[in-house]
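Shown next, in structure tokens, is the structure this report addresses.
Heads up: numbering here begins at 1 and tracks the sequence.
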Amino acid sequence: MLTATKEQLIQKLHDVSDPVQSFLMKTDMSPSVGSLYGGKVTDYPTISGFILFLKPQSIRVVALDPVIHTTAFDMVSVGDRYRVSIPSRNQFIEGLNGAPALSNNKLENLRPTAFLTALMINPPDPKQDITMLEDDTDESKSLYILMMIRRDGEQYYPSRSVYFDRFTLQISRQKTFDRNGDILSETKYSNWADHNGVQFPGLIDIQRPKDGYEVVLQVTDLQMNPNNITPAKFILNQPAGSQLRRLQ
């Protein structure tokens, strides 16, 4: 069992996050919808796709139809706005990342920022975050939990928790919270590997309990910091003749 200080674990977050300027990921996506913490869950067929990232917060997710291998959906988030093209429904959606996810079809609540939140494990912001370290070790588990409390004026609320396996000091989980302390996302990480000198997980399990869905990403190929990931890759224009929906 390994030991580490709070400062050393924060440095590990820098070691994981700071070298990542961009990436191109090929992945198999396995979505599920339903009550993730009990109740009925419906699994959907695994689909292949691509995820592009460019710092600081541009992300594009393209999923392919599992039968005919055309685009099932193409979603982009740049800044505080996102756009989604769904060719099979002739729909084009645009809106704010913070817009409520209210669709009865839970997969329609999937937003590109959910991938961004899960894939990037950022260090705390020293201007806004207070950090605390918990040693959560007993006969069944051995974890460090780095907790980040966000400071907003006179208000304080839980922001994130990052879990470290004490046998390896690798990151095993990340939780993000809303201002009421409810879980927005819970992501589990495993199969860490080296990609061009940068450590990155090969299996990423994204759970969004309030949105009612889960997506498991199995990374099949990862190009870390390629030269061809530019802002132009994150331009998604509305296809001619498609129906526009705006979510504000």
Mind checking whether Met147 and Leu143 sit in one hydrophobic cluster, side chains of I, L, V, M, F, W, Y counted as touching below 4.5 Å? yes
Nearest heavy-atom neighbours spanning Asn237 and Phe92: O-CE1, 3.7 Å
Please report the interatomic distance CG(Leu116) to OH(Tyr82), rounded to the nearest 0.5 Å. 15.0 Å
When rounded to the nearest 0.5 Å, the distance separating NZ of Lys188 from CG of Leu203 is 10.5 Å
Side chains of Asp28 and Thr220: is there a donor and an acceptor less than 3.5 Å apart? no
At what distance, to the nearest 0.5 angstrom, does CG of Leu146 lie from CG of Asp129? 9.5 Å
Is Arg166 salt-bridged to Asp135, cutoff N-O under 4.0 Å? yes
side-chain hydrogen bond (donor to acceptor under 3.5 Å, both in side chains) between Ser242 and Asn90, intermediate numbers included: CA-CA 5 Å; Ser242 61; Asn90 201 33; 5.0 Å; no
So Thr3 and Tyr144, do their side chains get closer than 4.5 Å, heavy atoms only? yes
Run the side-chain contact (heavy atoms from CB on, under 4.5 Å) check on Leu133 and Ile145 step by step: do they pass? CA-CA 6 Å; Leu133 181 61; Ile145 306 176; 5.9 Å; no
Examine distances only and state if a side-chain atom of Gln8 and a backbone atom of Thr5 form a donor-acceptor pair shorter than 3.5 Å. yes
Please report the interatomic distance CD1(Ile130) to OG(Ser159), rounded to the nearest 0.5 Å. 11.5 Å
Under the side chain to side chain contact (heavy atoms under 4.5 Å, CB included) rule, collect the residues that match up with Asp80, sequence neighbours excluded. Leu96
SB check Arg173 Glu186 (cutoff 4.0 Å): yes
Test of understanding: clusters of I, L, V, M, F, W, Y form through side-chain heavy atoms closer than 4.5 Å, transitively. Do Leu217 and Leu24 belong to the same one? no
Check whether Thr168 reaches the backbone of Gln170 with its side chain - one donor and one acceptor, N or O, closer than 3.5 Å. yes
Who are the side chain to side chain contact (heavy atoms under 4.5 Å, CB included) partners of Thr176, not counting sequence neighbours? Thr117, Arg160, Leu184, Ser185
Share the residues that join Ile235 in a hydrophobic cluster, the rule being Ile, Leu, Val, Met, Phe, Trp or Tyr side chains under 4.5 Å apart at the heavy-atom level. none
How far apart are the C-alpha atoms of Arg150 and Tyr157, what are their side-chain angles, what is the distance that settles it, and do they pass the side-chain hydrogen bond (donor to acceptor under 3.5 Å, both in side chains) test? CA-CA 5 Å; Arg150 180 59 53 94; Tyr157 62 94; 4.6 Å; no
According to salt bridge (Lys or Arg N to Asp or Glu O under 4.0 Å), who are the partners of Asp178, at least two apart in sequence or on a separate chain? Lys210
What pairs of donor and acceptor atoms, side-chain ones from residues 221-233 against any protein atom, are under 3.5 angstrom apart with sequence neighbours left out?
| from | atom 1 | to | atom 2 | distance (Å) |
| --- | --- | --- | --- | --- |
| Asn225 | OD1 | Gln21 | N | 2.7 |
| Asn225 | OD1 | Ser22 | N | 3.0 |
| Asn225 | ND2 | Pro19 | O | 2.9 |

For Val76, is there any backbone N or O sitting under 3.5 Å from a side-chain donor or acceptor partner on Arg83? no
Starting from Leu119, can I reach Val216 by hopping between I/L/V/M/F/W/Y residues whose side chains sit under 4.5 Å apart? no
Any residue meeting side chain to side chain contact (heavy atoms under 4.5 Å, CB included) with Pro201, in chain and number order, not counting sequence neighbours: Tyr189, Trp192, Ile204
Through direct or indirect side-chain contacts below 4.5 angstrom among Ile, Leu, Val, Met, Phe, Trp and Tyr, which residues connect to Phe167? Met1
All ring pair (Phe, Tyr, Trp, His ring centres under 6.0 Å) counterparts of Phe177, not counting sequence neighbours: none
Passes side-chain contact (heavy atoms from CB on, under 4.5 Å), Val78 versus Leu54? Steps please. CA-CA 10 Å; Val78 178; Leu54 178 65; over 6 Å; no
Check Ala193 against His195 and note the closest heavy-atom contact, atom names and distance. O-CD2, 3.4 Å
Using side-chain hydrogen bond (donor to acceptor under 3.5 Å, both in side chains), reason through Thr113 and Ser77 one step at a time and then give a plain yes or no. CA-CA 7 Å; Thr113 51; Ser77 174; 5.5 Å; no
Quick one: salt bridge (charged side-chain N to carboxylate O under 4.0 Å, His left out) pairs with a partner in residues 4-27, sequence neighbours left out? none
Step-by-step side-chain contact (heavy atoms from CB on, under 4.5 Å) determination, Ile59 to Met75: CA-CA 8 Å; Ile59 192 164; Met75 57 173 64; over 6 Å; no
Do Ile206 and Val162 sit in one hydrophobic cluster, given that two such residues count as connected whenever their side-chain heavy atoms are within less than 4.5 Å of each other, even indirectly? yes
Any residue meeting side-chain hydrogen bond (donor to acceptor under 3.5 Å, both in side chains) with Asp138, in chain and number order, not counting sequence neighbours: Ser140, Lys141
Sequence-distant partners of Arg151, salt bridge (Lys or Arg N to Asp or Glu O under 4.0 Å), two or more places apart: none
To the nearest 0.5 Å, atom CZ of Arg245 lies from atom CD1 of Ile93 at 4.5 Å
Going by the ring-ring contact (aromatic ring centres under 6.0 Å, His included) test, which pairs reach into residues 5-27, not counting sequence neighbours? Phe23-Phe53, Phe23-Phe200
If we ignore angles and hydrogens, is there a donor and acceptor under 3.5 Å between the side chains of Ser17 and Asn122? yes
Under the side-chain contact (heavy atoms from CB on, under 4.5 Å) criterion, do Val215 and Tyr213 qualify, and how do the steps go? CA-CA 7 Å; Val215 180; Tyr213 68 80; 4.1 Å; yes
Please say yes or no: joined through hydrophobic side-chain contacts below 4.5 Å, possibly via intermediate residues, are Met25 and Leu64 part of one cluster? no
